[in-house]
Every structure is written in C-alpha cells, then in structure tokens.
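Count residues from 1 along the sequence. Indexing begins at 1, ligand by ligand and atom by atom, following the structure's order.
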Amino acid sequence: MHDLVLEGVGKSYGSVLAVTDVDLHIPAGKLVCFLGPSGCGKTTLLRLIAGLEQPSRGRLLLDGADISGLPPDRRGFGMVFQSLALFDHLTVGDNIAYALRIRGEGKDSQRRRAEELLEMVRLPGVADRHVSQLSGGQRQRVAIARALAVDPKLFLLDEPLSALDAKLREAMQIELRLLQQRLAVTTILVTHDQREAMTMADLIVVMGDHRVQQVGAPSQIYREPANTFVADFIGTSNLLPVTVEAGAVQFGDRRITVAAIPDGLRRGQPATLLVRPEELHVLPTPDAAGEALPNRLPATVTFVRDVGGTVEVHVDCQGHALIAESLRKDAAPVAPGDAVTVDLPREACRVLAA
Ligand code: ATP
C-alpha cells in the first residue's frame with residue numbers, strides 16, 4: 001500500500017489559474033474523491049498526480065519520495081478516464097495485457113493475468129471478444145481491469161462512470177468500491193457527483209474556486225461543512241442570511257437559538273444559518289400572530305414533492321426558499337398556499353461565516 005502527499009501544489013497555464021495551494025495527504029489503501037463543480041481544477045490535480053502535467057509550484061511525495069519530476073510511465077500508476085481510451089481494434093484480453101506485454105511478460109502469463117482480472121471485474125470468458133462488441137458497462141469493467149493489470153501503486157479515475165445510465169452507474173459505484181476495498185489499492189476518483197462521492201469515498205476533498213475547501217469523511221462533510229460553499233454544494237441546503245447574537249442569530253425580526261457560534265464570529269456580524277432538510281420541521285398550523293417563539297418562523301407552502309418513501313415540502317419564509325424532507329408517515333398534511341410554521345431545532349442550526 002502506498003500513500004501520497006501533496007505540498008503546496010499549484011498549476012497555472014499562462015495567466016490562467018487551474019488549481020492552487022493544495023496540501024493533501026492521500027492515505028494508503030483509502031479511496032479519496034476529488035469533488036467539485038466544473039472548472040474548479042479536479043482534473044488538473046489528478047493529471048498532476050499522474051505526471052501528465054508538471055506542477056507550477058509545490059511537490060508530490062509518494063511514500064516520502066519526491067516524484068514531482070518523474071514521467072508518467074515511471075510512476076507505476078493505473079488510470080481510467082471518462083473516455084476509457086480502450087483500443088477498439090484489439091480483443092478484451094489484449095487490451096488488458098497491453099501493459100504487461102510492454103513490460104516483457106510472456107504470453108501465457110499475460111493470458112492468465114487477463115483472465116484473472118476479468119474474473120475480478122465480473123466479466124469472465126470475454127477475453128477473445130473485441131471491445132467494440134461490448135456494452136458500455138462491460139467496456140467500463142475492461143478499462144478498470146486494464147488499469148489494475150500492473151498492480152498500480154495508485155489507481156486514478158477521472159469521472160469513469162459518467163457515461164453510464166443512472167441505474168448501472170449506481171451499481172458500478174458499489175462494485176468498484178468493493179473491489180477497491182478488497183485490493184486495498186490507494187485510489188483517487190474525480191467526480192462532480194456528490195452522491196457518487198458519498199457512496200464511494202473514505203475521504204472527500206471538496207474543491208471550489210481552484211482550491212481545496214474541505215477534506216473529511218462523507219458524514220463529516222455533510223454534518224460539519226467548513227464554509228457556505230461546502231454547505232451549499234453538498235446535499236440540499238437551507239441557507240438563511242442572519243446576524244450573529246450571543247448564543248443565537250437574528251433572522252429578520254425572529255431570534256433563532258443555536259448550539260454554538262463558531263470561533264471568530266462576533267456579535268453583529270453577518271453569517272449564514274444552515275439547517276439540513278431532514279432536520280427542519282413543518283407544522284401544519286400558521287404561526288400564532290405576535291407569539292414570535294424562538295426557532296419558529298411563519299412560512300407559506302409553495303410546492304410538495306412526493307418522491308415515494310419521502311416527501312419534500314418547499315416553503316417560502318420571508319422571501320427565502322426552504323425545503324423540509326420527511327418520511328411519508330411523518331409528513332405534514334399540507335398543500336401549496338397553506339400558511340404553516342417551520343421549526344428549526346436548536347441543535348440542527350449551524351452557523352457559518354457568510
Ligand atoms: P470539469 O469537471 O469540467 O472537468 P475540473 O474541475 O476538472 O472541471 P479542470 O479541467 O481541472 O477543472 O480545469 C480547471 C481550470 O483550468 C479551468 O478554468 C480550465 O479552463 C483551466 N485549464 C485546464 N486545462 C487547461 C489548459 N491545458 N490550458 C489552459 N487552461 C486550462
């Protein structure tokens with residue numbers, strides 16, 4: 001098992017900044033996802049790790065040794081791109097054995113290894129078929145098998161599942177994750193799909209604005225987002241502009257008590273209040289006039305989305321859109337136009353720097 005450290009890594013193309021100030025530890029045997037919106041620098045960072053690009057700043061250490069100047073073919077990494085880049089004129093077996101042949105392995109050993117890998121990606125018995133005869137999902141598996149053929153020190157994947165339909169994609173996410181855990185190969189996966197990252201990752205590196213915004217386990221990123229960008233990007237967020245008070249925040253004319261005010265935020269400062277949809281409750285009665293209970297806000301239902309097991313109630317609260325999500329059996333019986341009260345439990349209220 002191998003680990004990778006990035007120290008102050010950055011890359012610019014002329015005056016265009018692609019990614020900057022990246023300090024990261026990719027732990028041995030773990031699966032790390034680079035997650036972020038389009039253009040934030042995920043692919044550039046992966047290409048720097050692969051050696052396909054040279055960093056403008058900083059260095060990369062594999063097991064403590066500086067590999068910053070090492071060409072891609074001397075790093076011993078396996079890669080799968082979105083395009084897969086399979087050789088269509090070759091058989092499945094020859095695709096997988098390609099790197100082994102270059103390494104000078106004998107024909108029998110190549111064949112054995114290809115069959116072993118096909119077994120591993122649950123595609124046995126297709127070694128003699130042409131790649132062009134396979135379905136999208138099967139081609140995906142061949143690309144994964146090919147990247148794993150050389151026992152890579154790092155397994156690098158750039159949006160490898162994005163061409164698959166939703167159902168197959170979800171199934172492949174789980175399969176790929178189980179395979180990665182079985183092999184305990186240090187893996188980096190680039191994706192802009194937060195659900196994919198949450199499904200597969202030990203650690204998520206949330207990227208935005210060409211830099212790392214937060215690194216953490218999926219549940220930590222969801223529960224304790226470091227800033228408004230992460231809160232907004234991960235999960236469905238209810239974000240309200242507030243002003244910081246002592247142990248509370250002020251939203252319009254209402255006071256909302258919160259569990260904690262983060263260090264560095266002082267009274268009177270603007271901030272953002274985050275409440276996740278599953279923690280926000282809609283009470284099917286209008287807010288009693290003038291009662292103004294803390295953590296209770298008057299709102300109007302704008303939309304009800306019934307998605308089977310769960311129900312989403314969308315409300316307008318003083319001009320701000322909020323979403324409450326609950327199990328069907330707990331859902332408030334409300335309809336668009338209803339005047340309701342939203343309840344923001346104190347422990348569910350997180351305050352972030354605006
Ligand atoms: P996507 O999800 O759309 O692939 P990304 O997060 O992977 O996006 P990158 O492809 O790494 O983003 O690009 C980051 C920034 O660097 C973008 O603004 C992009 O235009 C710029 N960039 C990337 N490669 C080059 C290049 N070869 N020359 C100039 N600019 C580049």
Side-chain angles (χ1 to χ4, degrees), residues 4-26 31-60 67-73 75 77-86 136 139-140 143-144 147 154-166 169-170 172-173 176 186-216 218 221 225-235 237:
L4 180 75
V5 171
L6 280 70
E7 287 179 355
V9 170
K11 176 74 181 174
S12 303
Y13 297 96
S15 61
V16 178
L17 178 70
V19 68
T20 190
D21 294 323
V22 178
D23 292 297
L24 263 186
H25 176 216
I26 312 287
L31 192 153
V32 176
C33 276
F34 293 169
L35 174 68
S38 185
C40 70
K42 310 178 292 289
T43 294
T44 301
L45 196 55
L46 195 76
R47 289 175 61 83
L48 288 168
I49 291 169
L52 299 168
E53 301 285 351
Q54 281 296 303
S56 311
R57 297 165 293 282
R59 54 185 203 146
L60 293 88
I67 58 159
S68 311
L70 214 57
D73 56 337
R75 296 193 182 194
F77 299 168
M79 295 196 64
V80 180
F81 297 99
Q82 186 179 346
S83 63
L84 302 188
L86 292 170
R139 292 166 63 91
Q140 207 71 43
I144 290 165
L154 291 187
F155 186 30
L156 308 177
L157 303 139
D158 191 356
E159 306 255 9
L161 308 178
S162 58
L164 304 179
D165 68 62
R169 183 176 176 151
E170 295 224 337
M172 282 295 291
Q173 286 166 358
L176 188 53
T186 312
T187 300
I188 303 173
L189 177 111
V190 165
T191 181
H192 61 264
D193 177 348
Q194 51 154 309
R195 205 177 142 84
E196 183 163 297
M198 303 289 275
T199 304
M200 298 180 71
D202 291 297
L203 280 178
I204 296 179
V205 177
V206 183
M207 297 182 63
D209 192 25
H210 308 287
R211 56 190 80 232
V212 173
Q213 298 287 337
Q214 187 173 6
V215 182
I221 299 268
N227 55 39
T228 309
F229 175 87
V230 177
D232 200 21
F233 190 70
I234 304 286
S237 301

N/O separation below 3.5 Å, [X] to ligand 1:
{"X": "L17", "result": "no"}
{"X": "G39", "result": "yes"}
{"X": "H210", "result": "no"}
{"X": "E159", "result": "no"}
{"X": "H192", "result": "no"}

Heavy atom of the protein closest to [atom] (residue, atom name, distance):
{"atom": "atom 21 (C) of ligand 1", "result": "V16 CG1, 4.1 Å"}
{"atom": "atom 4 (O) of ligand 1", "result": "T43 OG1, 3.7 Å"}
{"atom": "atom 25 (C) of ligand 1", "result": "Y13 CE1, 3.2 Å"}
{"atom": "atom 3 (O) of ligand 1", "result": "S38 OG, 2.6 Å"}
{"atom": "atom 11 (O) of ligand 1", "result": "T44 OG1, 2.6 Å"}

(request) Considering only protein heavy atoms, determine whether one is less than 4.0 Å from atom 13 (O) of ligand 1. (result)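 When distances to the protein are checked, atom 13 (O) of ligand 1 has a heavy atom within 4.0 Å.
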(request) Measure from atom 29 (C) of ligand 1 to the protein's non-hydrogen atoms and state whether any distance is below 4.0 Å. (result)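 Yes, because at least one protein heavy atom sits under 4.0 Å from atom 29 (C) of ligand 1.
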